[in-house]
Amino acid sequence: MMHVIIHKPVTYQEGSLLFNAGKEKLLLNKSTIVPGEFAVITKSTVYRGRILTPVKNRLTIYYGEENKPAWKEINLSIPPDGEASFQILNTFDDRKIFVKARYGDAYPALEAGAATEPINLFVPMDVVIDADDGEKINMTLHYVSQPNQAGILLVAETVSYFLMITYHRTTI
């Protein structure tokens, strides 16, 4: 079965990013964050017992359900100026995924809830990633890396997301 990957771009400047990869709306600081959307955390807040703080270069991902919240925090890898980075996160809570670069190496099996270390990419680079769980998921991500952009592939059961986080650099 082919799997849907939704591409989600965002421009990052400050604070922490929160991405809702879950199946429900999050009500946070009088704002509603629907599934598949970003929010910027600029002040500390508590949501379902989880303290969310504005830490620079951090991405917090919510991928749970109302009765079973699940969170993952990763430090964003800011690529060198003019380059890109790429990372994969397995949001399954019960199975591993197998990931391979179409024209390169296979990653070791990625355990449930685990993330790969970010890798730096030249730009532009044609990137083709195949992922499957050996059962239900069989998907391919194809994109061209862009300057000053971190790409994060969130692999999930019903829908996966490819987050494209672009950094604005200030020069003096």
Side-chain angles (χ1 to χ4, degrees), residues 3-23 26 33-41 50 52-64 69-93 95-102 104-133 137 139-169:
H3 192 69
V4 174
I5 303 173
I6 298 174
H7 292 244
K8 298 301 294 187
V10 68
T11 300
Y12 177 78
Q13 292 183 7
E14 58 184 58
S16 293
L17 285 175
L18 170 65
F19 184 74
N20 182 0
K23 298 175 184 173
L26 303 179
I33 303 132
V34 298
E37 294 299 323
F38 281 99
V40 177
I41 300 170
R50 178 79 171 204
L52 302 171
T53 56
V55 177
K56 187 174 175 80
N57 299 326
R58 173 158 307 148
L59 172 64
T60 301
I61 301 161
Y62 175 80
Y63 59 95
W71 301 85
K72 180 73 174 180
E73 288 184 336
I74 58 174
N75 292 322
L76 293 170
S77 173
I78 300 175
D81 193 23
E83 294 183 18
S85 67
F86 179 74
Q87 189 170 9
I88 302 166
L89 172 65
N90 178 0
T91 65
F92 285 110
D93 60 1
R95 66 189 123 150
K96 57 180 104 177
I97 58 171
F98 306 92
V99 180
K100 182 187 181 313
R102 172 80 50 94
D105 297 332
Y107 284 95
L110 193 57
E111 297 296 328
T116 62
E117 290 295 320
I119 58 171
N120 286 338
L121 303 173
F122 293 108
V123 294
M125 180 181 282
D126 192 33
V127 178
V128 183
I129 301 291
D130 295 311
D132 72 81
D133 68 348
I137 305 300
M139 61 185 229
T140 299
L141 168 71
H142 182 200
Y143 83 107
V144 177
S145 63
Q146 300 295 315
N148 304 320
Q149 187 179 79
I152 301 171
L153 176 60
L154 304 178
V155 179
E157 189 159 358
T158 55
V159 63
S160 293
Y161 294 97
F162 181 58
L163 310 180
M164 298 165 288
I165 302 169
T166 302
Y167 294 90
H168 280 289
R169 309 235 190 241

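Because only heavy atoms are used, hydrogens play no part in the values below, and waters and symmetry mates are left out as well, while side chains stay in. For reference, positions follow the sequence shown, starting with 1.
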If only atom types and distance count, is the side chain of [X] paired as donor or acceptor with the main-chain N or O of [Y] below 3.5 Å?
| X | Y | result |
| --- | --- | --- |
| Ser77 | Pro118 | no |
| Glu111 | Lys96 | no |
| Ser16 | Leu59 | no |
| Asn148 | Gly82 | yes |

About how many Å separate [atom2] of [Y] and [atom1] of [X], when rounded to the nearest 0.5 Å?
| X | Y | atom1 | atom2 | value |
| --- | --- | --- | --- | --- |
| Tyr107 | Ile97 | OH | CD1 | 10.5 Å |
| Lys8 | Met164 | NZ | CE | 9.0 Å |
| Glu37 | Leu26 | CD | CG | 11.5 Å |
| Ile119 | Ile88 | CD1 | CD1 | 7.5 Å |
| Asn120 | Ser145 | CG | OG | 10.5 Å |
| Asn20 | Tyr161 | CG | OH | 7.5 Å |

Of the non-hydrogen atoms in [X] and [Y], which two are nearest, and what is the gap between them?
| X | Y | value |
| --- | --- | --- |
| Glu83 | Val123 | C-CG1, 4.1 Å |
| Asn90 | Arg95 | ND2-O, 3.1 Å |
| Ala115 | Leu89 | CB-CD1, 3.8 Å |

(request) Go through the structure and list residues passing side-chain hydrogen bond (donor to acceptor under 3.5 Å, both in side chains) with Lys72, not counting sequence neighbours. (result)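 By the side-chain hydrogen bond (donor to acceptor under 3.5 Å, both in side chains) rule, Lys72 matches no residue at all.
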(message) Tell me every residue that passes side-chain hydrogen bond (donor to acceptor under 3.5 Å, both in side chains) with Lys56, counting only those two or more places apart in sequence or in another chain.
(response)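 So Lys56 forms no side-chain hydrogen bond (donor to acceptor under 3.5 Å, both in side chains) with any residue.
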Would you call [X] and [Y] a side-chain contact if the rule is heavy atoms closer than 4.5 Å?
| X | Y | value |
| --- | --- | --- |
| Gln149 | Leu121 | no |
| Leu76 | Ile165 | yes |
| Leu17 | Leu163 | no |
| Asp130 | Arg102 | yes |
| Phe92 | Leu110 | no |
| Leu52 | Trp71 | yes |
| Ser160 | Met139 | yes |
| Tyr63 | Leu154 | no |

(message) side-chain contact (heavy atoms from CB on, under 4.5 Å) for Phe19 and Val10? Distances and angles first, verdict last.
(response) CA-CA 10 Å; Phe19 184 74; Val10 68; over 6 Å; no
(message) Which label fits Tyr143 and Phe162: parallel for a plane angle under 30°, tilted from 30 to 60°, or perpendicular past 60°?
(response)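 Answer is tilted, since the angle falls between 30° and 60°.
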(message) If you count heavy atoms of other groups shown closer than 6.0 angstrom to NZ of Lys100, is the number above 12?
(response) yes
(request) Count the heavy atoms of every other residue, nucleotide or ligand shown that sit under 6.0 Å from CG of Asp105, and state whether that count exceeds 12. (result) no
(request) Given side-chain contact (heavy atoms from CB on, under 4.5 Å), test Val99 with Val155 step by step and report yes or no. (result) CA-CA 10 Å; Val99 180; Val155 179; 5.7 Å; no
